[in-house]
Amino acid sequence: MAIQHVHTYLVRPRQKREGISRVTGTDVGLSGLLFDMLEAVYGKSNVECKIDIAFNHAPDGSQKNDCRSLIVDYIKAPSVEAGKALATRLEGFTTGSAGHGLLFLMSGKEGKETKFVISRFPADNGILAEENRSTLSVSFLERIFMKSAYSYKAALYQDASLTSGFWDGRCVDKQNNDPIKRISDYWINDFLASSLRVTSAAGTYRLAAALRNATRSTKQLALKEELVAAVTLAKGVKGRNTSVDDFIQRFGLSNAARDAILRELPSPDVASETFQFNWTEFTTQVAYRSVELDSGAIVTAEAAEFNEVVKRQKLDKDKVRLSVEGKVLNERLKKAS
């Protein structure tokens with residue numbers, strides 16, 4: 001069904017003196033050019049909001065979350081005043097670098113479920129030119145909102161129960177060219193008091209295990225080398241938000257490599273789940289890289305440092321020379337597996 005309620009608020013960066021809010025808000029009519037644009041944002045949110053998030057529980061573990069409570073209160077009785085509490089909360093986390101923004105709250109019904117979309121559009125600067133017969137007047141405008149209808153942050157929540165539901169949602173940051181690389185911390189972690197639904201350790205483990213198992217299972221040397229190269233480069237993703245799909249795309253892996261990785265996942269659906277890449281967890285799962293030669297020699301080193309400590313010299317089409325230098329620390333014998 002169509003949107004039933006829309007309210008908007010001008011949110012400025014927070015003041016140094018706490019307790020002073022300058023938030024102002026108003027209703028938005030359910031017709032006109034502005035509404036048409038917002039209706040498109042509302043309608044596309046099911047497709048564009050791809051990053052799964054969940055409200056954090058209280059420090060004592062109880063199911064309490066201040067931001068969720070404000071959202072539920074607004075949905076129960078949508079009004080300018082009810083929404084202002086959310087806008088005031090956003091103001092408290094808005095820094096000078098984030099600048100002014102327009103916050104939109106949109107709610108409606110999808111069958112038996114209530115759908116709620118919250119979106120922030122940034123302000124921009126511009127010049128207004130007004131022509132009057134033979135004269136031209138220009139002036140500088142400090143706050144132009146929605147200069148681009150494609151640049152905004154949004155979060156989507158949809159559930160049938162206002163009591164036990166509305167704990168999980170999805171979000172998008174269209175102000176960033178890479179939609180999952182860097183979602184503003186102040187938007188998810190601070191304002192929405194939420195976290196990515198897939199934990200950093202679990203998501204990283206899943207990716208590392210898929211890469212490791214894909215490398216083991218394939219018999220094609222070129223494919224093995226491609227997968228190992230991706231592991232070596234993975235340190236560049238350290239601390240960033242990513243997904244299996246994003247990892248594959250980031251390093252330009254071939255279709256064969258993609259298929260090999262996806263086959264090792266518990267389900268194809270998890271490839272799109274976003275998590276924060278944990279380098280420590282990753283190196284635990286793919287700590288070492290080994291190269292076995294037809295001469296019987298096996299060279300092993302830490303995966304991330306392999307190319308630095310093991311020098312490879314190409315001799316002809318099929319043969320290479322691997323060389324290492326260092327002080328002998330230990331020698332051991334290993335029984336056949």
Side-chain angles (χ1 to χ4, degrees), residues 1-8 28 30-56 65 67-68 70-76 78 83 86 90 101-122 146 148-184 187-189 191-198 203 241-246 249 262 265 267-275:
M1 293 179 64
I3 304 176
Q4 296 174 322
H5 304 279
V6 182
H7 296 97
T8 186
V28 175
L30 303 183
S31 63
L33 294 177
L34 174 58
F35 176 76
D36 290 343
M37 191 212 69
L38 293 174
E39 189 175 37
V41 172
Y42 180 88
K44 292 186 295 185
S45 60
N46 293 82
V47 175
E48 293 186 338
C49 294
K50 298 179 179 180
I51 301 175
D52 294 310
I53 57 175
F55 285 116
N56 299 325
N65 182 285
C67 188
R68 176 187 175 274
L70 294 177
I71 288 176
V72 171
D73 288 344
Y74 172 83
I75 293 172
K76 287 179 179 177
L86 277 166
L90 178 60
L102 275 180
L103 183 70
F104 290 93
L105 309 180
M106 298 168 273
S107 64
K109 282 287 187 179
E110 298 284 338
K112 295 182 179 180
E113 295 184 331
T114 299
K115 178 178 178 179
F116 173 75
V117 176
I118 182 169
S119 183
R120 179 190 184 276
F121 284 79
M146 288 172 288
S148 171
Y150 306 100
S151 178
Y152 58 86
K153 293 175 174 62
L156 161 69
Y157 299 92
Q158 187 169 327
D159 210 300
S161 173
L162 293 177
T163 304
S164 59
F166 285 93
W167 278 98
D168 297 331
R170 302 199 307 273
C171 66
V172 66
D173 188 346
K174 294 177 72 67
Q175 290 176 250
N176 194 310
N177 291 329
D178 185 338
I180 69 175
K181 183 173 68 176
R182 290 179 180 171
I183 301 220
S184 301
W187 177 251
I188 292 182
N189 300 339
F191 169 56
L192 294 175
S194 299
S195 300
L196 298 178
R197 200 156 64 187
V198 178
N241 292 335
T242 188
S243 68
V244 174
D245 281 339
D246 175 67
Q249 182 179 3
L262 296 185
L265 297 177
S267 165
D269 295 336
V270 304
S272 61
E273 293 181 346
T274 303
F275 56 91

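Count residues from 1 along the sequence.
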- Report the distance from atom CD1 of I118 to atom CZ of F104, rounding to the nearest 0.5 Å. 12.0 Å
- Task: Please round to the nearest 0.5 Å and tell me the distance separating atom CZ of R170 and atom CD of Q158.
- Result: 8.0 Å
- Before giving the answer on side chain to side chain contact (heavy atoms under 4.5 Å, CB included), spell out for L105 and Y74 the whole-Å C-alpha distance, their side-chain angles and the decisive distance to 0.1 Å. CA-CA 9 Å; L105 309 180; Y74 172 83; 3.8 Å; yes
- Message: Could you measure the distance from the CZ atom of F121 to the CG atom of L102? Nearest 0.5 Å is fine.
- Response: 9.0 Å
- Least distance between heavy atoms, P78 atom then K76 atom: CD-C, 3.9 Å
- Task: Give a yes or no on whether the backbone of I51 and the side-chain of R197 come within a donor-acceptor separation of less than 3.5 Å.
- Result: no
- Message: Run the side chain to side chain contact (heavy atoms under 4.5 Å, CB included) test on Y42 and V6 for me, step by step, so that the C-alpha distance in whole Å, both residues' side-chain angles and the decisive distance to 0.1 Å come before the verdict.
- Response: CA-CA 10 Å; Y42 180 88; V6 182; over 6 Å; no
- Note on the structure: Taking every heavy atom of V198 against every heavy atom of T274, the minimum-distance pair comes out as CB-O, 3.6 Å
- Item | Student check: side-chain heavy atoms of L262 and P268 closer than 4.5 Å | no
- Side chains of I53 and D168: closer than 4.5 Å at any heavy-atom pair? no
- Item | Min side-chain heavy-atom separation I71-L86 under 4.5 Å | yes
- Might you work through the side chain to side chain contact (heavy atoms under 4.5 Å, CB included) test for S243 and V270, ending with a clear yes or no? CA-CA 9 Å; S243 68; V270 304; over 6 Å; no
- For the atom pair OG (S107) and NE2 (H7), what is the distance rounded to the nearest 0.5 Å? 8.0 Å
- Task: Rounded to the nearest 0.5 Å, what's the gap from CG on L162 to CZ on R68? Could you check?
- Result: 8.0 Å
- Between the side chains of S195 and N56, does any donor sit under 3.5 Å from an acceptor? yes
- Query: Do the side chains of K115 and S45 get nearer than 4.5 Å, heavy atoms only?
  - Reply: yes
- Task: Search all heavy atoms of N189 against all heavy atoms of S194 and return the closest pair with its distance.
- Result: OD1-O, 3.4 Å
- Message: Other residues, nucleotides and ligands only: do more than 12 of their heavy atoms fall within 6.0 Å of CD on E113?
- Response: yes
- Item | Side-chain (T8) to main-chain (L103) donor-acceptor, under 3.5 angstrom | yes
- Query: Where the side chain of S119 meets the backbone of K153, is there a donor-acceptor pair that is under 3.5 Å apart?
  - Reply: yes
- Query: Can you list the steps and then say if N65 with W167 is a side chain to side chain contact (heavy atoms under 4.5 Å, CB included)?
  - Reply: CA-CA 9 Å; N65 182 285; W167 278 98; 4.0 Å; yes
- Once you round to the nearest 0.5 Å, how far does OH of Y157 lie from SG of C49? 9.5 Å
- Task: Please examine the side chains of T242 and F275, heavy atoms only from C-beta on, and report whether any two atoms are closer than 4.5 Å.
- Result: yes
